[in-house]
Amino acid sequence: MRVATWNINSLKARLERVLAWLASAEPDVVCLQELKCATADVPADAFERAGYEVAAWGTGRWNGVAILSRVGIADVRQGIAAQPAFAGETEPRALTATCGPVRVQTLYIPNGRDTADPHFPYKLAFLQALAADAAADAAGALPFAAMGDYNICPTDDDVWDVEEWTGTTHVTTDERDALTAVKAAGLADVFPRALKHDRPFTFWDYRNLDFPKNRGLRIDLALANPAFASAVTDAYVDRNERKGKGASDHAPLVIDLDL
DNA sequence: ATGACGAATAAAATTCGA
């Protein structure tokens, strides 16, 4: 089966591209992030016509996550245990569901904004809660992967130019340590292959010709438990989806499984 | 082909993203 994760940067703006990609890539399960719409505004009928059931959680103009599946959706869980709030709100950043033979979690980890911004400790607290939340599924018998936009470059190789990113979020030791703690729950980074160039970046800023110049980051990750990781037959970043008018600034991470 | 940012909200300018 084929599983994918993709930060689409607005479902409303991306719907036609997402539907076209579903038809061409034929994934069985897709974890989406940054819907930027409320749950009630998710066009479930359009996905159903394409053969997918939908579990979604959105509150409005920011954040929002969903899981699409053509192999069933069961045991849906909204948010993570002890999820920290920001500005008094529990934001729509996580959904977990069982889809056929796998259990998946779609994640939109807080950006952090700036190391001096309150959003930064919020990001670290979210990751700390995630490490505890993931432990049970990680140790479970079902193949499980916590995938999505982690907003962290795990290593310097995951940044197009480390010098340019010195002192910014996404590359700090605090964030990388927090990510390591999530992995310590029993999850491994499913490292994808790049379709072009040497490194499998998943995000390129809209500005400054970053995509044509391959100034990218690898921040969209799939952290898998042993049962999931051992079933992986291929993983790649579909950078073709970053091309053209109306593209998201993220490309899908696609994982094929012998399941 | 991949081209100097894009989306939501709201109605011009601001916020957010990474």
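Below, chain A is the first sequence line, B the second, and so on; all start at residue 1.
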For this session: Could you give the distance separating B/dG17 and B/dT2 at their P atoms, to the nearest angstrom?
Result: 28 Å
Problem set entry | Proximity to the side chain of A/K243 - top-ranked nucleotide from B/dG17, B/dA1, B/dA18 | B/dA1
Problem set entry | Between C1' of B/dA18 and CG of A/L179, the distance in whole Å | 16 Å
Seminar exercise, completed: Ranking A/D205 and A/T169 by the position along DNA chain B of their nearest nucleotide, the one closer to 5' is A/D205
Problem set entry | Residues A/D28, A/R2: salt bridge by 4.0 Å N-O rule | no
Exercise. Same hydrophobic cluster for A/L221 and A/F228, using side-chain heavy-atom links shorter than 4.5 Å among ILVMFWY?
Worked result: no
For this session: Send over the distance from A/I152 CD1 to B/dG17 C1', rounded to a whole Å.
Result: 16 Å
For this session: Mind checking A/D149 for me? I need base, sugar-phosphate or nothing, with any heavy atom below 4.0 Å counting as a touch.
Result: sugar-phosphate
Exercise. In whole angstroms, how far is the C1' atom of B/dA18 from the NE2 atom of A/H170?
Worked result: 4 Å
Exercise. Just checking, A/R242 and A/F211: is the charged tip under 6.0 Å from the six-membered ring centre and within 45° of the axis?
Worked result: yes
Exercise. Looking across every strand, which nucleic acid part, if any, lies under 4.0 Å from A/K196 by heavy atom: base, sugar-phosphate, or nothing?
Worked result: base
Problem set entry | Atom-to-atom span, CG of A/D210 to P of B/dG17 - whole angstrom | 18 Å
Problem set entry | Rounded C1' spacing from B/dA12 to B/dA8 in Å | 14 Å
For this session: Take atom CD of A/Q33 and atom P of B/dG17, then tell me their distance rounded to the nearest Å.
Result: 14 Å
Exercise. Nearest-Å distance, CG (A/N208) to C1' (B/dG3)?
Worked result: 12 Å
For this session: Looking at every strand, decide which applies to A/L217 at a 4.0 Å heavy-atom threshold: base, sugar-phosphate, or nothing.
Result: sugar-phosphate
Seminar exercise, completed: Regarding the side chain of A/F211, the nearest nucleotide among B/dT2, B/dA18, B/dG17 is B/dT2
Exercise. When rounded to the nearest 0.5 angstrom, what distance separates CG in A/L195 from CD in A/E241?
Worked result: 11.5 Å
For this session: For nucleotides 6-16 of chain B, just jot down a letter per nucleotide in 5' to 3' order: B, S or -, based on protein non-hydrogen atoms under 4.0 Å.
Result: SSBS-----BB
Exercise. To the nearest Å, how far apart are A/L209 CG and B/dC5 P?
Worked result: 8 Å
Problem set entry | Between CD1 on residue A/I219 and CD on residue A/E175, distance to nearest 0.5 Å | 11.0 Å
For this session: Send over the distance from A/R215 CZ to B/dA18 C1', rounded to a whole Å.
Result: 15 Å
Seminar exercise, completed: Exactly one of A/T106, A/N9, A/N63 clears side chain to side chain donor-acceptor pair (under 3.5 Å) with A/Q33, and that residue is A/T106
Problem set entry | Connected via hydrophobic side-chain network under 4.5 Å: A/V71 and A/Y52 | no
Problem set entry | Pairwise C1' distance, B/dG6 and B/dA18 [rounded to whole Å] | 13 Å
Exercise. Which part of the nucleic acid, if any, lies within contact of A/N111, taking any heavy atom under 4.0 Å across all strands shown: a base, the sugar-phosphate backbone alone, or nothing?
Worked result: base
Problem set entry | Nearest-angstrom distance, C1' atom, B/dA11 to B/dA7 | 16 Å
For this session: For B/dA10 versus B/dC16, give the span between their C1' atoms, rounded off to a whole number of Å.
Result: 16 Å
Exercise. NA contact type, A/N240, heavy-atom cut-off 4.0 Å: base, sugar-phosphate, or nothing?
Worked result: nothing
Seminar exercise, completed: So OG1 of A/T155 and CG of A/L179: to nearest 0.5 Å the spacing works out to 10.5 Å
For this session: Determine the contact category for A/Y150: base if any of its heavy atoms lies under 4.0 Å from a base atom, sugar-phosphate if only primed atoms, P, OP1 or OP2 are that close, otherwise nothing.
Result: nothing
